[in-house]
Each structure stands twice: as C-alpha cells, then as structure tokens.
Amino acid sequence: MQVAVAQLNLTVGALNANARRLLEAHQSACRAGARVTLTPELSLTGFPPQDLLLRRAFLDDCAQHLQALAAQVDQGVLLVGFPEYDGTQCYNAVALLRRGKVRQIYRKQILRVDEKRYFKKGDTAVPGVFEESGTRFAILCGDDLVKPGPGKAALAADAQCGLVADARAYQVDDETAYPAWLSARAKTLGLPLIVAQHVGGQDTQVFMGASMAVNSTGVCAQRWPAWHEALALAQIKRGEPDVRGNQTQEPSEHHVYQALVTALRDYIQKNGFPGIVMGLSGGVDSALALALAVDALGSHRVQTFMLPSPYTSAMSLADAETMARELGVAHHNIALAPLMNAVTKTLRPWLNDAPEALTAQNVQARLRALLLMGLSNQHNWLLLATGNKSEAAVGYSTLYGDMAGGFAPLKDVTKGWVYRLARYRNTLGRIIPERILTRAPSAELAYGQTDQDSLPPYETLDAIIEGYVEQGEDAAVLLEQGVSRKHLKETLQLLAVNEYKRRQAVPGPCITARAFDNDWRYPMTSKWRESLEKSGKSRKDGKMAKNAEAKDAEVKKRKKEKS
C-alpha cells in the first residue's frame, strides 16, 4: 500500500483555506493510489497558533471546521492535526478521518515547554493505533519521539509503522542533523517512521519541509524536497517504507539562504504587502538583503533608495547603483545633507559644537528612517531593516534609525554568515559587486570610519556570539578556547547593556539554536556580570560525555538481554 505525505505551506488562522488544501491533497493522494494521507502537526490551524489557542471561539471554530472536513472524506484515511478542546482541557491532537466522520483522536504525549501554556499531555496508555489495508499504523505527534514512551506503547499495541505529524522549525545544519536524529530514533525503537513536516514561513519561524521516511534499521528510505510544497508517496511493504533514491545534499549556505528567502516571501505574501522598500548603503548587509528581497518577490516589487550624507563615499554610491541595475530594481537617490543641516542647526546650542559627536551621527540614521518610513506609509510597502545579529549583540545600531522597519531578514545572521551567504548568492549569478565583499565594513557616519573602530574583529565577535549566546558556554570556557580576554570582556558588557535595544528590534526569521527572540530572555536591568576567572566546563564536552555514558549503558543493557 501507499502512504501519502502532504508537505504544505499553511497559514495560521486560515481555517477555511487550510481545510480546503488538506482535502485537495487527500483527494489527489487517493487518485494516486494512496490509502492514508498524513499531514503536519496542527495542520488545520497552521503552526504555531500561539495565544489563539486561549480563545474559546477559535477552538470552537476549529472543531466545526474539522467536522465539516471529515464529512467530505469519503475514501481512505486522512490524518489532520488540530487543537482538541474537551470542555475543560485542550490537547495537541491528530484526528483520523474516515468514511465521513472523525473515527479516532490521538493526543500528543510529550509537550515542549512553550506548549504547556496551552495543552495538557495525552495519556501514554492510549496509543493511536489503527489498521489500513493489512498494516497497523501508530499515530505520533512532534516531540513524541524525544522520549521512548509513546513509541514503545505503539509497539506494544502491535504497530508496524509510525506516522508522525511534526512541525520542526528550521535551524542551521538541520539538513544533516535532523535526518541523523530521526534515523537514530527509528533504529532505537525498531519502528519505521514516516514524518510529515510543514514548509514555509510563519512570523519569526521558518519550516524547511524535507519530510522523511525511515525504516526500522534507521536507513533513510525517502526524503522529500526542502523549501517546496510536496505531495509525496511512500510505498509500504510489510510495514516498512520501501527505500528509494534520496536527494543530493546541498551546502549549508543553500539551506540558510532558502530559509531567509522563504521567511521573507511568506511574511510579505501572508500579510498582504504589495512590495518592499529598503535603503541601500553600498555595504554587504543591505546588498544581501536586496538579493533576498528580489529572490523572494521579484524585482518589480522592490524599491531601493540611496540616502547619501556628506560622509558617503563615491564607491558606496557606485556599488549600490551597480547592484540595483544588475537586479533590475527601481533605484532612487535622496540627498540627506539639507535635512542634516536643518537638524544640526536646530540642535547646535546643545551639541557643544561637536558635529561628529555620536548624537550627530545618529541623526543621520534617524533621518534615513524618517524618509523610508514616510515612503512605506505612503505606498504600504514594507520597510526592510538590514541589520545583522553581530550588530544586535553589541548594540551597534541606532534605535529609530537603521533598526526601523517591518521585517529584518538578517536578524539571526552573524556578520560572518552575511559574507558566506553573499558569496554563495554570487555563485548562482554574480549580482553583488566584488568590492562590497572586500572593502572594510563601515556605517559611513563619519570620515574614514570603519566598524572595527568600535568593535572587535568580526571573526572574534562572531565566535563569542556562537559560543556564549547560541551554545550557552561559560566565559571561562571561551577563554580556554583562545578568545581574547579584552574582546570577551568588552563584548559581554555590550551584550548586557544593549538588551533594551534588542527588546525593541524588528522581527525576523530565527535560524540558530538561540536567537535574540523567545530563546533569549535576559532582563534589561541587571547588574550581574559573569566572571572571566571562574572555571567552566564546555557544554559540548558535557553533552559528549553524557552521550558516551548513554551509549555505554545501552551496550551493557543489550549484553545483559542476550545473556
């Protein structure tokens, strides 16, 4: 028999449209010979619905749409993720629809921390096992694979294959890390797994798709396309998915770039913006942001503006114009000097005759934001903020200036990754002038200014961000790894005092293990600073030791069982 996987780009709250798309996918699957159609976690609502789940009217609406959808399923089995409300509790559930009715409901048993705000966990003693065409399937949901309980309960109920409705947000290197993890889970359980994933962007989360089928020995039987919708068929033989050819592996830069394009495209499309407006500076951040915008929407929906000050170099003007011309976007110039002179003249009594003071520099950034936001308001274009994660970490940005906008595609991308992605994009077609990639980074807010006048070298800064922020390493561990004591101390101080800026930052796609978003919840007011003298143990080393201990325990257990 065949199981269909509906890897769809669904929209949160679009219950009518989502239900229609689920039904269409199931009907197409049935025409192709499939007996079961698996859809992602909370596929009826879109993912994640967040505090919509706290509204009784929303839950009632979901129940009505589920019943209406079930009434239209006249052949095969359709598995739909939805929030089940029983009058007192809400569950993250998967409904089995067959012959016009909801025949069975499985409740997710292992909940993420943020899910506990909305859901009660299901009962482990009630596995979602059903039979179709002689094969016994187990319904599982998302993190049910994190712990062995749900899978073992399914095996105890004689399940031959697990069908997993999942919703895994993309993180860098997931293209290799997730398949390895899933294969290990299938092998440990001895249970074949077929997983349906969401694809597309939803606010700050982005989903890569790449749904999978893995056999009971951990071999990847099939992996379906990343970053595209798909209705895929898995052939089941004696409970096992038949092994087919797999996709060729793309480099990490490809997946990160596609994640940013997907997140930006869906944010624009799902919120109904006609297009994008953005400021070009002649620097690498705005160059990459422009490439993403054009790849997401097309050049006809992107407007660029160069807003030169007296400090803007001829090189920046030329490079910005060259790139805009290469991509075919409308490009405009608005001189900033008259506005700068007017503001400086107004503030001069309070500037102490220091025209290059920080205040005067920030005036430039805020005037640019004023003009760009005016254009955004007038035409309903979304203004892109082009700042990156390295700048956000240390506050190297201007509130109500370059931080202004509606979406920030590079928000979780360090400066080093900005260069990697820019060079990757040029391998697909050279659109970013080489000079942008080789010149010293500069905000050009003063004559001869470079970023490294105020910041550590980006290689050092990014290593600190990766270790301290994303991996949660202690400062002492970073010192042992060779990070400069001076740069580490300066960076940790800047990281702490600029929390107030990050709280006001524009939303953007989260793609790392720890983004400056819901994963980072430090107080804006705090006097604690981490000592660089305390001895620390690397979290990576600790994880490796823990994994080694677990492996040893598993080997001992197997030997004992054999004896």
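Any value given below was found using the heavy atoms of this structure, including those in side chains, with hydrogens, waters and symmetry copies removed.
Using a 4.5 Å heavy-atom threshold, the side chains of Y400 and Q504 count as touching. Within the 4.5 Å cutoff, the side chain of L111 has no heavy atoms near those of the D143 side chain. Side-chain contact between T414 and S390 is present, with at least one heavy-atom pair separated by less than 4.5 Å. The shortest side-chain heavy-atom distance between L339 and L371 falls under the 4.5 Å cut-off. Looking only at side-chain heavy atoms (C-beta outward), L428 and Y424 come within less than 4.5 Å of each other. Residues M208 and Q197 are not in side-chain contact: their nearest non-hydrogen atoms beyond the backbone lie 4.5 Å or more apart. Side-chain contact between L495 and Y522: absent, with no pair of heavy atoms (C-beta onward) separated by less than 4.5 Å. Looking only at side-chain heavy atoms (C-beta outward), V394 and L461 come within less than 4.5 Å of each other.
Contact detail for I432 and A287: the closest heavy-atom pair is CG2-CB, 4.1 Å. Summarising the geometry of I436 relative to G283, their closest heavy-atom pair is CG2-C, 3.7 Å, with the distance given to 0.1 Å. Taking all atoms of both residues into account, the shortest heavy-atom contact from A422 to V284 is CB-CG2, 4.2 Å. The two residues G201 and D266 have their closest heavy-atom pair at N-OD2, 2.7 Å. Minimum interatomic distance between V12 and F47 (heavy atoms only, all atoms of both residues): CG2-N, 3.6 Å. Shown here for E470 and T512, the closest heavy-atom pair between the two residues is OE2-CG2, 3.6 Å.
Donor-acceptor pairing under 3.5 Å is lacking for the side chains of D114 and N518. With 3.5 Å as the limit, one finds a donor-acceptor pair spanning the side chains of W520 and E499. Donor-acceptor pairing under 3.5 Å is lacking for the side chains of S286 and T386.
Note: L492 CG to S531 OG = 10.5 Å, rounded to the nearest 0.5 Å. L288 CG to R423 CZ: the interatomic distance, rounded to the nearest 0.5 Å, is 11.5 Å. We find the NE2-CG distance between H255 and L260 to be 13.0 Å, quoted to the nearest 0.5 Å. For the atom pair CG (N92) and CD1 (I110), the distance works out to 12.0 Å, reported to the nearest 0.5 Å. Rounding to the nearest 0.5 Å gives a distance of 10.5 Å between CG of L488 and OG1 of T460. From C90, atom SG reaches atom CZ of R117 across 13.0 Å, with rounding to the nearest 0.5 Å.
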Checklist line | Worked check of side-chain contact (heavy atoms from CB on, under 4.5 Å) between E391 and D285 | finding: CA-CA 11 Å; E391 296 167 347; D285 296 319; 3.4 Å; yes
Next item on the list: Carefully, step by step, assess Y468 and E530 under the rule side chain to side chain donor-acceptor pair (under 3.5 Å).
Entry: CA-CA 11 Å; Y468 192 82; E530 183 167 342; 2.8 Å; yes
Checklist line | side-chain contact (heavy atoms from CB on, under 4.5 Å) assessment of R366 paired with V343 | finding: CA-CA 11 Å; R366 291 186 175 122; V343 173; over 6 Å; no
Item checked: Trace of the side-chain contact (heavy atoms from CB on, under 4.5 Å) decision for T262 with Y170 -> CA-CA 11 Å; T262 300; Y170 174 75; over 6 Å; no
Item checked: Residues V302, W381; criterion side-chain contact (heavy atoms from CB on, under 4.5 Å); working and verdict -> CA-CA 9 Å; V302 180; W381 298 328; over 6 Å; no
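Although no hydrogens or angles enter the test, the distance criterion places no donor-acceptor pair under 3.5 Å between the side chain of K489 and the main chain of S484. Formation of a donor-acceptor pair under 3.5 Å by the R368 side chain with backbone atoms of G279 is not found in this model. In terms of modelled atom types and a separation under 3.5 Å, the side chain of D144 and the main chain of K108 share no donor-acceptor contact. Not a single donor-acceptor pair under 3.5 Å links the side chain of N9 to the backbone N or O of G200. At least one donor-acceptor pair closer than 3.5 Å links the side chain of Q7 to the backbone N or O of H228. With S43 contributing its side chain and P40 its backbone, the two residues share a donor-acceptor pair below 3.5 Å. Here the side chain of T188 pairs a donor or acceptor atom with the backbone of A184 at under 3.5 angstrom. Between the side chain of R514 and the backbone N or O of Q471 there is no donor-acceptor pair closer than 3.5 Å. Looking only at distances, a side-chain donor or acceptor of T176 sits under 3.5 Å from a matching main-chain atom of D173. Of the possible donor and acceptor atoms, one in the side chain of N426 sits under 3.5 Å from a partner among the backbone N and O of I431.
The aromatic rings of H198 and F207 are tilted relative to each other, their planes meeting at an angle between 30° and 60°. By the 30° and 60° cut-offs, the orientation of the rings of W181 relative to Y178 is parallel.
Ion pairing between a basic and an acidic side chain is recognised when a charged N comes within 4.0 Å of a carboxylate O; R265 and D295 show no such pairing. Taking a cutoff of 4.0 Å between a charged side-chain nitrogen and a carboxylate oxygen, D462 and K389 do not qualify as a salt bridge.
Heavy atoms of other residues, nucleotides or ligands lying less than 6.0 angstrom from NZ of K121 number 12 at most. Atom CZ of R529 has more than 12 heavy atoms from other residues, nucleotides or ligands within 6.0 Å. The number of heavy atoms from other shown groups lying within 6.0 Å of CZ (R521) does not exceed 12.
Listed by chain and number, the residues in a side chain to side chain contact (heavy atoms under 4.5 Å, CB included) with K120 are Q89, Y91 (sequence neighbours excluded).
Ring centroids of Y257 and W227 are separated by 6.0 Å or more, keeping the two rings apart.
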